[in-house]
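The structure appears right after this line, and notes come after that.
Hydrogens, waters and symmetry mates play no part in the numbers below; they use all other heavy atoms, side chains included. The chains referred to below are lettered A, B, ... by the order of the sequence lines, with proteins before strands, and numbering in each begins at 1.
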Amino acid sequence: MKIASVVINTSVKELDKKFDYMISEDMEDIIKVGMRVIVPFGLGNKLIDGIVVDIKEYSEGENLKYIYDILDEDIIIDNSTLDLAKQISNIYLCSYYDAIKLFLPFSNLKRTVLIKRLNFDEIYTDEYDFLNYLKNDYIQLEKIERLINKKIKKTQLIKLYKKGIIDVKEVLNKVVKPKKEVVIKVTDEFIVREFIEKNKQNKRLEKQISVLEVLLKRQEFVLLKELVDTLNVSSSTLKALLNKGLILKEYVEVYRNPIKDNYVYEKVVLNQEQENAIDNILSAYRNGKRVTLLFGVTGSGKTEIYINLIEKFLLEGYGAIVLIPEISLTPQTVERFKGRFGDKIAVLHSRLSDGERYDEWRRIYKGEAQIVIGARSAVFAPVKNLKLIIVDEEHEHTYKSEITPKYDARDIAKLRLENVNGLLILGSATPSIESYFKAKNGEYNLVEIHKRANKGVLPQVNIVDMRSELKKGNRSVFSQVLLEEIALNLEQRNQIILFINRRGHSTFVSCRACGYVAKCLDCDITLTYHYYNNSLSCHYCGKNYIIPSKCPKCKSQYIKYFGAGTEKVETEIKKYFPKARVLRMDMDTTRYKGAHEDIYRAFKNGDADILIGTQMIAKGMDFKNVTLVGIIAIDTILNLPDYKAAERAFQLISQVSGRAGRGEKSGKVIIQTYEPENPVIQFASFHDYKSFYEYEIKMRQLMNNPPFTDILYLLLTSQNEQELIKKSHELAQYFNDMTTSKDIEFLGPSPCYISKIKNVFRWNFVIKGNVKKYYANIYQIVYNLLNSSNISFTMDINPVSML
DNA sequence: AGCACGCCGACT
DNA sequence: GTCGGCGTGCTC
């Protein structure tokens, strides 16, 4: 008798271990390590899925149960990937199964409860009316609930089951399956030719003969769908042919293809700088430098370098992964890769349907696609002979997962490549401080490209002091200079982009008389006024409020609207330039699927003169005709209490500025700010990353922030504020005992910058020092203390945001 | 996390 | 004597 060790699908800490199950004889030859199985679990023998991680002859456990069934016909994860998952679970302190899940394309299984009636005594139907809908055949509980339009209580089901009135069973089903399509073929060529000859004149058999003729010509299985489309025949025609035994049908698996169009992207001749970069990367790689930071200004042709490197690796039989920040925002990049590599490339990202993702995953798994392009999660793709990973725009925060395990795709990439001695390329025009620091210290190979491949010139940037605008009596969101430039560019029929970091009309509403500020009742957030639905809305919980005509506190009439968002910019623009055609791109205008693309296309086609938008417009978009970019306000981003605020502001200014002057005409950028002397804005205006880096790295050192230390951010949340505060302080006591270690420092507890979201209160600790060493230790302390409380917690090393 | 078991009080 | 409330402890 063989025994299988199974890791079950759970993120519960107590269940995160191997459970042994017996393998029945009929499954002995089928079940392998790395296979998904269904097992009975717990006292109720509830069916649950898991992965076989070991097969052995003997188990310590008593009363072993049998594996119930297998889920896939073959293994879905190999041994080395299982090892990798184990490492990940240790690093990020998540369950083994949660780590394994990262490598799989499936979402959870669908659980269906089936129910049938065994006893038809009338006496029970008075109390349990749903019994009337049951037959002595299994039916889905969900269907009954829909019929009677209410939930059936579990306790009722158990009661009836025990009395022997009903039978209840549960099944687990896969949500996605391989897609099959019908193909047909002639059974016997000779007989078919004879049939056609004999019935040539028969008008009634015209359609049937047309099908047979195509099949004879093709000499192979042909997709039924294709015949139906091209010959305009119906299913009855084919049925007749099947009945006559002239054709036979079979099912073949087809892939659901997420990219419908066929792109062609011709090979480009590289310039000298690009050639040099590739030589440099490869020779460093041969000398053991397995990470290169490719620091290339916008437009320096990094993508061409990536493509060339991939081609080189492909020739040697190696696979590659390309990570890009967010696929939906950069469709052009995907098009370019698809155009160059065709079917060899697979696309993976969260917007795919489950079926599409499953099929792309399997194309990669089978080795049919050797290259993968995708967002963060694509770093886990089962690429065969993986030897190269490229992280484009490596500074982007989207590479860090915001759900547990809170991995950083760049770290996972390193981990994966370590085991196979592969090459990692981190590419950016504004590298993260951390990566550039490592490159300068020699930990990474550094390759820099300063010239733009298309000979374009970086736009000229002007900083406008909004304080002096105020002094001049200009209370509008636009400075005089910006208004003049907009007018000029409109006149010249150029396009304009206006960037503002907030959506909505006014970002806060307050009373001039008493200082009251409209806040969300459930969140510690000021409400934003939206013009389109004339309401105040909370951007954290989505709640809408009616606008008060009088101050709710002092009843005065002096309610005023402050701060500007995209809506306000739009209305103001329409006031100043009534003839200008304006498009707005923010969360409000891109709610429906494809809206983002539509606005992008419309602006690119020249259907509008001005595009107003939030962060969304900063990424990837390539508009040739934009000559003016206005950054309406940057100060709010710059002044957030977060050690990455300066870095983020610099990157944002650089990215938004990069939208100007991408075509023939040169571009201009105007930054409006209340602190024009701020060095971050100054450096950004000169496109001077290096000086910015020198400035920022000093700040990081001074404040003891990454990359000089690691930060462990501990967030505690609860609906019960009193208990939260009490437990937080209790935790501080425990942490106090640890600080004797000297290599670790605890800051807190303190309420978060946003101290309440959706009625959940938030407190935090910021822990600095050798946090990786103490991570598991700290986790255990927090877990033990909060285990039986109503307080939840999350931990994150070097988080993207600490608000 | 579920789920069953078991101990306790309330009630026909 | 039965029902249901929740505290406890286990899950191969």
> What integer distance in Å separates A:Glu62:CD from C:dC10:C1'?
Replying inline: 14 Å
> With a non-hydrogen cut-off below 4.0 angstrom, is A:Tyr21 in contact with a base, only sugar-phosphate, or nothing?
Replying inline: sugar-phosphate
>> Please pick, from C:dC12, B:dC3, B:dA1, the nucleotide with the shortest atom-to-atom distance to any side-chain atom of A:Val12.
In response: B:dA1
> In whole Å, what is the span from the CG atom of A:Leu47 to the C1' atom of C:dC12?
Replying inline: 15 Å
> Is the OH atom of A:Tyr251 crowded by more than 12 outside heavy atoms at less than 6.0 Å?
Replying inline: no
Return all side-chain donor-acceptor pairs below 3.5 angstrom for residues 792-799 of chain A, not counting sequence neighbours, or 'none' if the list is empty.
residue  : atom : partner  : partner atom : Å
A:Asp796 : OD1  : A:Lys400 : NZ           : 2.5
A:Asp796 : OD2  : A:Lys400 : NZ           : 3.3
A:Asn798 : OD1  : A:Ile711 : N            : 2.7
A:Asn798 : ND2  : A:Asp710 : OD1          : 2.9

> A:Phe41 has a side chain; which of C:dT11, B:dG2, B:dA1 sits nearest to it?
Replying inline: C:dT11
> Could you give the NZ-to-C1' distance, from A:Lys46 to C:dC12, as a whole number of Å?
Replying inline: 17 Å
>> Return whichever of A:Leu43 or A:Lys65 has its heavy-atom-nearest nucleotide of DNA chain C closer to the 5' end.
In response: A:Leu43
>> Of the listed nucleotides (C:dC12, B:dA1, B:dC3), which one gets closest to any side-chain atom of A:Asp20?
In response: C:dC12
Tabulate below the donor-acceptor pairs under 3.5 Å that side-chain atoms of residues 26-54 of chain A make, not counting sequence neighbours, or state none.
residue : atom : partner : partner atom : Å
A:Asp26 : OD1  : A:Ser24 : OG           : 2.7
A:Arg36 : NE   : A:Asp72 : OD2          : 2.9
A:Arg36 : NH2  : A:Asp72 : OD1          : 3.0
A:Asn45 : OD1  : A:Lys65 : NZ           : 2.5
A:Asp49 : OD1  : A:Asn9  : ND2          : 3.3
A:Asp49 : OD2  : A:Asn9  : ND2          : 3.3
A:Asp49 : OD2  : A:Tyr97 : OH           : 3.4

> Rounded to the Å, how far apart are A:Glu14 CD and B:dC3 C1'?
Replying inline: 14 Å
>> I need the CD1-P distance between A:Ile55 and C:dC12, as an integer number of Å.
In response: 19 Å
>> Rounded to whole Å, how long is the line connecting atom CG of A:Asn790 with atom P of B:dA1?
In response: 12 Å
>> Without decimals, in angstroms, what is the distance between A:Tyr58 OH and C:dC12 C1'?
In response: 13 Å
> Rounded to the nearest Å, what distance is computed from the NZ atom of residue A:Lys13 to the P atom of nucleotide B:dG2?
Replying inline: 18 Å
> Are any side-chain N or O atoms of A:Arg416 and backbone N or O atoms of A:Val379, one a donor and one an acceptor, separated by less than 3.5 Å?
Replying inline: yes
